[in-house]
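We're numbering straight along the sequence, starting at 1.
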Amino acid sequence: MLDAAVKALSQMMSPPMRTILWRSIGLALVLIVVLAIGLQRMLSWFATYGEVWLEGLLGPSWHSSLEVLAWIISIAAGLGVVFGSVFLMPAITSLVASFFVDDVADVVEREYYPAERPGTALPFNQAILEGIKTALLTLLVYLIALPLVLFAGAGFLIFFLAAAWLLGREYFELAAMRFRSPEDAKAMRRDNAATIFTAGLFIAAFVSIPIVNLATPIFGMAFMVHMHKRLSGPRPELIEPARQMR
């Protein structure tokens with residue numbers, strides 16, 4: 001697993017990967033700005049008007065709880081784009097990865113697995129749908145964990161473990177679906193859940209590093225291409241003829 005991570009890191013700045021890297025970073029920056037500003041506007045609205053609306057809906061008995069919630073949201077809104085860019089990064093990288101899954105996988109397969117059958121490109125709509133589903137699930141998990149971040153350090157651990165599970169899950173399935181049906185890819189992921197979660201910890205650590213995390217889609221996809229190859233096991237029909245004769 002460590003060898004797969006080193007290979008993914010070493011290939012990121014290679015000439016074939018460099019163009020994909022800059023396109024990925026550019027798209028991630030655009031999404032960060034747009035989504036972070038949207039999040040800041042939404043939180044500001046709730047801190048200003050949402051408390052009154054919810055109290056009218058739920059009743060006066062919720063006044064104290066809603067005051068606390070409005071106070072938390074006011075802090076979050078005050079952090080604005082900075083807060084949004086950190087909070088949304090795992091979700092953004094999940095979405096960005098779906099745009100470049102085949103570009104990255106093709107480069108990795110050509111360099112490290114030239115004797116093997118190349119993967120089949122995923123339909124664009126399917127790749128984007130997978131990215132959107134993971135991004136939305138990531139946001140849901142993080143919203144649930146957000147109060148724990150503000151009141152207890154355990155929230156940061158929840159963030160990290162959730163990122164490991166969600167990102168490992170998505171990147172592995174994207175890599176596997178180049179060779180398998182979506183159902184088979186998901187079944188393989190479930191059969192190797194512990195290994196893929198451990199691999200996801202590498203991606204979660206990468207996405208936790210500011211600035212560097214803009215390259216997460218490239219690292220995560222390249223890393224999981226290697227992991228899928230290793231978990232697939234030996235495939236005799238792909239072994240070079242010289243080795244088959246031994």
Side-chain angles (χ1 to χ4, degrees), residues 1 3-12 14-24 27-28 90-135 137-138 164-200 202-204 206-207 215-240:
M1 190 177 297
D3 179 57
V6 171
K7 285 180 177 178
L9 286 170
S10 65
Q11 197 178 22
M12 282 175 57
S14 65
M17 200 74 85
R18 206 171 296 153
T19 301
I20 306 172
L21 176 63
W22 292 124
R23 286 163 54 203
S24 172
L27 179 58
I92 288 169
T93 59
S94 297
L95 187 56
V96 171
S98 63
F99 283 86
F100 301 103
V101 50
D102 292 306
D103 294 336
V104 175
D106 284 341
V107 173
V108 175
E109 289 169 10
R110 282 199 305 269
E111 180 169 345
Y112 287 100
Y113 309 98
E116 299 188 11
R117 175 176 63 86
T120 302
L122 295 177
F124 182 73
N125 290 345
Q126 182 181 3
I128 296 299
L129 180 61
E130 292 295 327
I132 291 173
K133 287 194 297 187
T134 301
L137 183 57
T138 302
W165 179 69
L166 291 164
L167 297 179
R169 174 178 177 269
E170 185 203 13
Y171 284 107
F172 181 82
E173 289 184 2
L174 288 174
M177 283 191 288
R178 286 173 52 81
F179 295 90
R180 307 165 187 271
S181 68
E183 294 75 20
D184 289 344
K186 294 178 189 299
M188 185 180 185
R189 188 256 305 166
R190 289 191 293 267
D191 291 342
N192 297 277
T195 300
I196 293 168
F197 174 74
T198 304
F202 285 80
I203 304 176
F206 195 95
V207 82
T216 301
I218 307 301
F219 169 73
M221 195 62 223
F223 180 39
M224 283 305 187
V225 168
H226 291 298
M227 291 304 301
H228 174 257
K229 290 287 187 181
R230 292 173 187 216
L231 290 174
S232 294
R235 302 177 64 184
E237 74 278 10
L238 299 178
I239 300 175
E240 297 89 341

When you look at R180 and H228, which way does the side-chain hydrogen bond (donor to acceptor under 3.5 Å, both in side chains) test go after all the steps? CA-CA 11 Å; R180 307 165 187 271; H228 174 257; 3.0 Å; yes

Taking every heavy atom of L21 against every heavy atom of A215, the minimum-distance pair comes out as CD1-CB, 3.5 Å

| P217 side chain reached by F100 side chain, heavy atoms, under 4.5 Å | no

Here the gap from L129 atom CG to S98 atom OG, rounded to the nearest 0.5 Å, amounts to 9.5 Å

*Give a yes or no on whether the backbone of L231 and the side-chain of N192 come within a donor-acceptor separation of less than 3.5 Å.*
no

*Do V108 and M17 come close enough that some side-chain heavy atom pair is under 4.5 Å?*
yes

Smallest heavy-atom separation, R117 atom then K229 atom, equals O-NZ, 4.2 Å

Do the side chains of L174 and M224 get nearer than 4.5 Å, heavy atoms only? no

Sorted by chain and number, sequence neighbours left out, side-chain contact (heavy atoms from CB on, under 4.5 Å) with A105 holds for E109, R178, V225

Review point. How about R18 and M12: do any of their side-chain heavy atoms sit closer than 4.5 Å?
Key: no

Minimum side-chain heavy-atom gap D103-V107 below 4.5 Å
no

Hits for ring-ring contact (aromatic ring centres under 6.0 Å, His included) against F202, two or more places apart or cross-chain, chain-then-number order -> F223

One should read off an interatomic distance between T216 OG1 and Y171 OH, to the nearest 0.5 angstrom, of 6.0 Å

* For the residue pair D184 and S181, confirm or rule out a side-chain donor-acceptor distance under 3.5 Å. => yes

For this session: Report yes or no: is the cationic atom of R169 (NZ for Lys, CZ for Arg) closer than 6.0 Å to the six-membered ring centre of W165, at no more than 45° off its axis?
Result: yes

d(M227 CE, I203 CD1) to nearest 0.5 Å is 9.5 Å

Minimal heavy-atom distance between A185 and E173, with the atoms involved, is CB-O, 4.2 Å

task = Check whether the side chains of H226 and Y113 place a donor and an acceptor atom closer than 3.5 Å, and report yes or no.
result = yes

Item to complete: Ignoring hydrogens and angles, tell me if any N or O in the side chain of S10 forms a donor-acceptor pair with the backbone of V6 under 3.5 Å.
Response: yes

When every non-hydrogen atom of I218 is compared with those of S24, the smallest separation belongs to CD1-CB, 4.0 Å

With M177 as partner, the option from T120, L122, V101 fulfilling side chain to side chain contact (heavy atoms under 4.5 Å, CB included) is L122

Sorted by chain and number, sequence neighbours left out, side chain to side chain donor-acceptor pair (under 3.5 Å) with D191 holds for none

Flag side-chain contact, heavy atom, 4.5 Å: F99 against R23: no

V207 side chain reached by F219 side chain, heavy atoms, under 4.5 Å
no

